[in-house]
Amino acid sequence: YTSYRWNNGWVSRRQTVYSSGSYYCVVKAADGSTGISDTVQVVVAQNPKPDLTATGTIPFCEGQSAFLFAGAGYTRYLWSTGSDGNLLESKTAGEYTVTVWNDEGCAGSDTVVVTVFPPVPKPLISRRGDSLSASIEGMSYAWSREGSPISGATAQSIYVTQTGSYSV
């Protein structure tokens, strides 16, 4: 054919479409005769949009974890860790990405950054007379005697009136 005119104005033998709709082409031959192609129905499937959510808090302290949930209803899941379920347990800091596929084979992804707080250093307790002091400054303190919390003992140092095993 010498010319091609698609119903959307495209004037080429081929076209790439990016939206759903009905497409047909009017063609013209060298002798001036015209013809109309069959109409093609195109459905452009949407890429899925997973929305990662965390069960548990992020950030979390070392030794804890959070579960990352990619949502339900997708046909396939692939995490940056290689896992393939819709739920992933995160125990370490890092960037986690999940890619999901829908029934049409279209893919979409989402990423979450997980932060893990380092452990608090273990304080040393020093004794001077009837006072006990924790070696680390600038923290919140909770003193205990014989494994039971001491009400109101939240300062870096405490005055003790009873013998026993103390911890902070």
Side-chain angles (χ1 to χ4, degrees), residues 8 10 15-23 40-168:
N8 63 353
W10 195 261
Q15 73 166 305
T16 303
V17 294
Y18 298 98
S19 58
S20 299
S22 299
Y23 297 91
V40 177
Q41 297 294 326
V42 175
V43 176
V44 177
Q46 298 297 313
N47 288 336
K49 294 180 178 136
D51 184 20
L52 284 174
T53 57
T55 302
T57 58
I58 296 177
F60 52 83
C61 295
E62 189 173 296
Q64 296 177 324
S65 65
F67 287 92
L68 305 176
F69 181 60
Y74 301 111
T75 57
R76 185 172 168 226
Y77 300 82
L78 182 61
W79 293 86
S80 52
T81 62
S83 181
D84 62 358
N86 67 350
L87 189 66
L88 178 75
E89 184 176 16
S90 167
K91 294 181 177 183
T92 59
E95 186 174 279
Y96 293 86
T97 299
V98 65
T99 302
V100 298
W101 285 265
N102 61 17
D103 291 334
E104 291 81 19
C106 299
S109 62
D110 193 17
T111 301
V112 66
V113 175
V114 172
T115 303
V116 177
F117 295 126
V120 175
K122 185 175 180 178
L124 298 174
I125 298 173
S126 60
R127 177 178 168 219
R128 178 174 229 162
D130 291 335
S131 291
L132 300 177
S133 295
S135 62
I136 302 171
E137 295 181 16
M139 297 284 176
S140 297
Y141 306 92
W143 288 89
S144 297
R145 180 182 169 275
E146 304 297 339
S148 297
I150 303 171
S151 179
T154 58
Q156 183 178 358
S157 298
I158 61 168
Y159 180 76
V160 295
T161 58
Q162 296 177 316
T163 61
S165 175
Y166 287 84
S167 62
V168 66

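Numbers here are sequence positions counted from 1. Atoms considered below: every heavy atom in the structure, side chains included; atoms not considered: hydrogens, waters and symmetry mates.
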Atom of [X], atom of [Y] and distance for their closest heavy-atom approach:
| X | Y | answer |
| --- | --- | --- |
| A134 | W143 | N-CZ2, 3.9 Å |
| S90 | F60 | O-CZ, 3.4 Å |
| S20 | V44 | OG-N, 2.8 Å |
| E62 | P118 | OE1-CA, 4.4 Å |
| I136 | P121 | CD1-O, 3.2 Å |

What distance do [X] atom [atom1] and [Y] atom [atom2] have between them, rounded to the nearest 0.5 Å?
| X | Y | atom1 | atom2 | result |
| --- | --- | --- | --- | --- |
| I125 | S157 | CD1 | OG | 10.5 Å |
| I150 | S167 | CD1 | OG | 8.0 Å |
| N86 | W79 | CG | CH2 | 8.0 Å |
| Q156 | S135 | CD | OG | 8.0 Å |

Query raised in the report: What residues form a ring pair (Phe, Tyr, Trp, His ring centres under 6.0 Å) with F69, not counting sequence neighbours?
Result: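 F69 satisfies ring pair (Phe, Tyr, Trp, His ring centres under 6.0 Å) with no residue once adjacent residues are dropped.
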Do we see a donor-acceptor contact under 3.5 Å between the side chains of [X] and [Y]?
| X | Y | answer |
| --- | --- | --- |
| E95 | T111 | no |
| S80 | T97 | no |
| S165 | E146 | no |

Query raised in the report: Hey, mind stepping through Q15 and N8 against side chain to side chain contact (heavy atoms under 4.5 Å, CB included) and telling me if it holds?
Result: CA-CA 10 Å; Q15 73 166 305; N8 63 353; 2.9 Å; yes
**Report entry** Given V100, L88, L87, the one that forms side chain to side chain contact (heavy atoms under 4.5 Å, CB included) with Y77
**Finding:**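 For Y77, the side chain to side chain contact (heavy atoms under 4.5 Å, CB included) check succeeds only for V100.
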Report task. Check each of L68, V113, V116 against I58 using the side chain to side chain contact (heavy atoms under 4.5 Å, CB included) test, and report the only one that passes. Result ->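 For I58, the side chain to side chain contact (heavy atoms under 4.5 Å, CB included) check succeeds only for L68.
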**Report entry** Full working for side chain to side chain contact (heavy atoms under 4.5 Å, CB included) between T81 and Y96
**Finding:** CA-CA 8 Å; T81 62; Y96 293 86; 3.9 Å; yes
Below 3.5 Å, can you tabulate the donor-acceptor pairs from side chains in residues 101-109 to any protein atom, sequence neighbours excluded?
{"from": "N102", "atom 1": "OD1", "to": "E104", "atom 2": "N", "distance (Å)": "3.1"}
{"from": "N102", "atom 1": "OD1", "to": "G105", "atom 2": "N", "distance (Å)": "3.2"}
{"from": "N102", "atom 1": "OD1", "to": "C106", "atom 2": "N", "distance (Å)": "2.9"}
{"from": "N102", "atom 1": "ND2", "to": "Q46", "atom 2": "O", "distance (Å)": "3.0"}
{"from": "N102", "atom 1": "ND2", "to": "E104", "atom 2": "OE1", "distance (Å)": "3.3"}

Report task. Please test R127 against Y166 for side chain to side chain contact (heavy atoms under 4.5 Å, CB included), starting from the C-alpha separation and ending with a verdict. Result -> CA-CA 11 Å; R127 177 178 168 219; Y166 287 84; over 6 Å; no
Report task. Step by step, work out the side chain to side chain contact (heavy atoms under 4.5 Å, CB included) result for D51 and D110. Result -> CA-CA 6 Å; D51 184 20; D110 193 17; 4.0 Å; yes
